[in-house]
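Notes to accompany the following structure.
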Amino acid sequence: MTSVSDMNALCTACKRHALTPAALPALLLTFYSLGPGASHARAESEAESLFYAPPPASDQNSGFSGHAELGYTALSGNTNTETLLAKGRLSWYSEKWTHTFRMETKSVRDSGNTSAEQYLVGQRERYNLGDSNYLFELGRWEKERFSGYDNQFTTIAGYGRQLLDTDHQQLSIEGGPGYRFDDFEGGGSKHNAVGYGAFDYDFQLTDTASFTQQASIEAASDNITARSYTAISVALNSSLSLRVSHELKSNSNPPDEAEAHTDRTTAASVVYNF
């Protein structure tokens, strides 16, 4: 139960930061490090990192697990923007295999006009080799308005290694070759060979709060696609958590129809873990 003094600390922090978006991580840490939820933050953080580097199957993570995330951000005044995102992930384990499936959608409206709209479906397989080594395969289909592409399909296979695995820090890196099919918005298509590299880092800030940083690069003959995901998550209990996240996707040489090289999405969301 949160005490009166804890509530006073939250109110003081609210006045100090004036509830600006940049203050959200500080407010979350200020409030929820005072309340219950110890030991849930790391478990939630591990669940979030399943797409880049799923943990190996074991007696501790047998069966099914997953999460559902819903986020909404609205800014008004000099700019009027709304961001809505929804994500879902399901993982299941069998002996040395970890299987992961995910779906995502996001929409951004600026002064009543849609400025971004994206749909993504992905799957991933991990085979544990032991001694912190693993093999992986991933497939991803995405459709994004204003990117110059009608849709893209990517499949990659390769090798990964867990470099850090402590109570407070986890770090994995992986890489391998792949294939991407581009269907262009203006007509036509292209087959691409790609080289892929990624890392996934998690750091336990407090008993209830965790920091996640994931990044990947996919290099083709005529462009490089870089992705970054940064998040601070705070556990409310064993099932619910709050999250502030920032996602970036950059294409070094997008089609002529694309409106920008880089897309950025910042959101505050609620996550349900199961």
Side-chain angles (χ1 to χ4, degrees), residues 1-55 58-73 83 85-91 100 102 104 162-172 199-215 228-247 265-274:
M1 181 69 66
T2 305
S3 66
V4 173
S5 60
D6 294 339
M7 292 299 296
N8 290 336
L10 177 61
C11 293
T12 301
C14 291
K15 294 176 181 178
R16 183 183 304 120
H17 297 288
L19 288 177
T20 61
L24 283 173
L27 293 179
L28 292 175
L29 292 176
T30 300
F31 181 62
Y32 287 104
S33 61
L34 301 173
S39 79
H40 299 312
R42 184 186 176 193
E44 193 279 328
S45 175
E46 290 174 343
E48 172 57 27
S49 10
L50 282 173
F51 185 72
Y52 279 98
S58 69
D59 293 339
Q60 284 72 42
N61 58 13
S62 60
F64 290 84
S65 69
H67 76 247
E69 178 177 350
L70 181 64
Y72 176 77
T73 303
T83 300
L85 66 85
K87 300 181 181 181
R89 179 198 46 83
L90 178 66
S91 297
T100 305
R102 72 168 182 165
E104 297 182 8
Q162 188 91 21
L163 298 180
L164 289 175
D165 187 13
T166 69
D167 289 341
H168 297 286
Q169 296 186 84
Q170 298 84 44
L171 173 64
S172 297
F199 76 87
D200 175 10
Y201 176 71
D202 291 293
F203 180 71
Q204 193 70 29
L205 298 171
T206 70
D207 287 342
T208 59
S210 62
F211 169 81
T212 298
Q213 176 63 60
Q214 301 173 344
S228 173
Y229 175 82
T230 307
I232 291 180
S233 302
V234 180
L236 304 180
N237 53 43
S238 60
S239 299
L240 290 176
S241 60
L242 300 180
R243 176 175 299 155
V244 178
S245 63
H246 179 76
E247 294 184 66
T265 304
T266 301
S269 56
V270 177
V271 182
Y272 173 71
N273 301 287
F274 56 91

Quick check: closest heavy atoms across G71 and S269, and the distance to 0.1 Å?
CA-CB, 3.4 Å
Point-to-point distance, once rounded to the nearest 0.5 Å, from OG1 of T230 to CD of E247
9.0 Å
Go through the structure and list residues passing side-chain contact (heavy atoms from CB on, under 4.5 Å) with T83, not counting sequence neighbours.
T73, V108, T265
When you measure from the side chain of Q170 to the backbone N and O of Y201, does any donor-acceptor pair fall under 3.5 Å?
no
Rounded to the nearest 0.5 Å, what separation is found between the OG atom of S233 and the NE2 atom of H67?
9.0 Å
Restricting to side-chain hydrogen bond (donor to acceptor under 3.5 Å, both in side chains), what partner residues turn up for Y272, sequence neighbours left out?
none
Just checking, is any N or O donor in the side chain of S241 or R243 under 3.5 Å from an acceptor N or O on the other one?
no
How long is the straight-line distance from CG of N237 back to OG1 of T208, given to the nearest 0.5 Å?
11.5 Å
Minimum heavy-atom separation for Q204 to S210, with atom names?
OE1-CB, 4.1 Å
Non-hydrogen side-chain atoms of V271 and L240 separated by less than 4.5 Å
no
Among residues at least two apart in sequence or on other chains, which ones pass side-chain contact (heavy atoms from CB on, under 4.5 Å) with A68?
none
Restricting to non-hydrogen atoms, name the atom on D200 and the atom on D202 that form the minimum distance, rounded to 0.1 Å.
OD1-OD2, 3.6 Å
If I take atom CZ from residue F203 and atom OG1 from residue T166, how far apart are they, to the nearest 0.5 angstrom?
8.5 Å
Residues S65 and R89: closest non-hydrogen pair is O-NH1, 3.8 Å
Does the side chain of L85 reach to within under 4.5 Å of the side chain of E104, using non-hydrogen atoms?
no
Got a second to check how far Q213's CD is from F199's CZ, nearest 0.5 Å?
5.0 Å
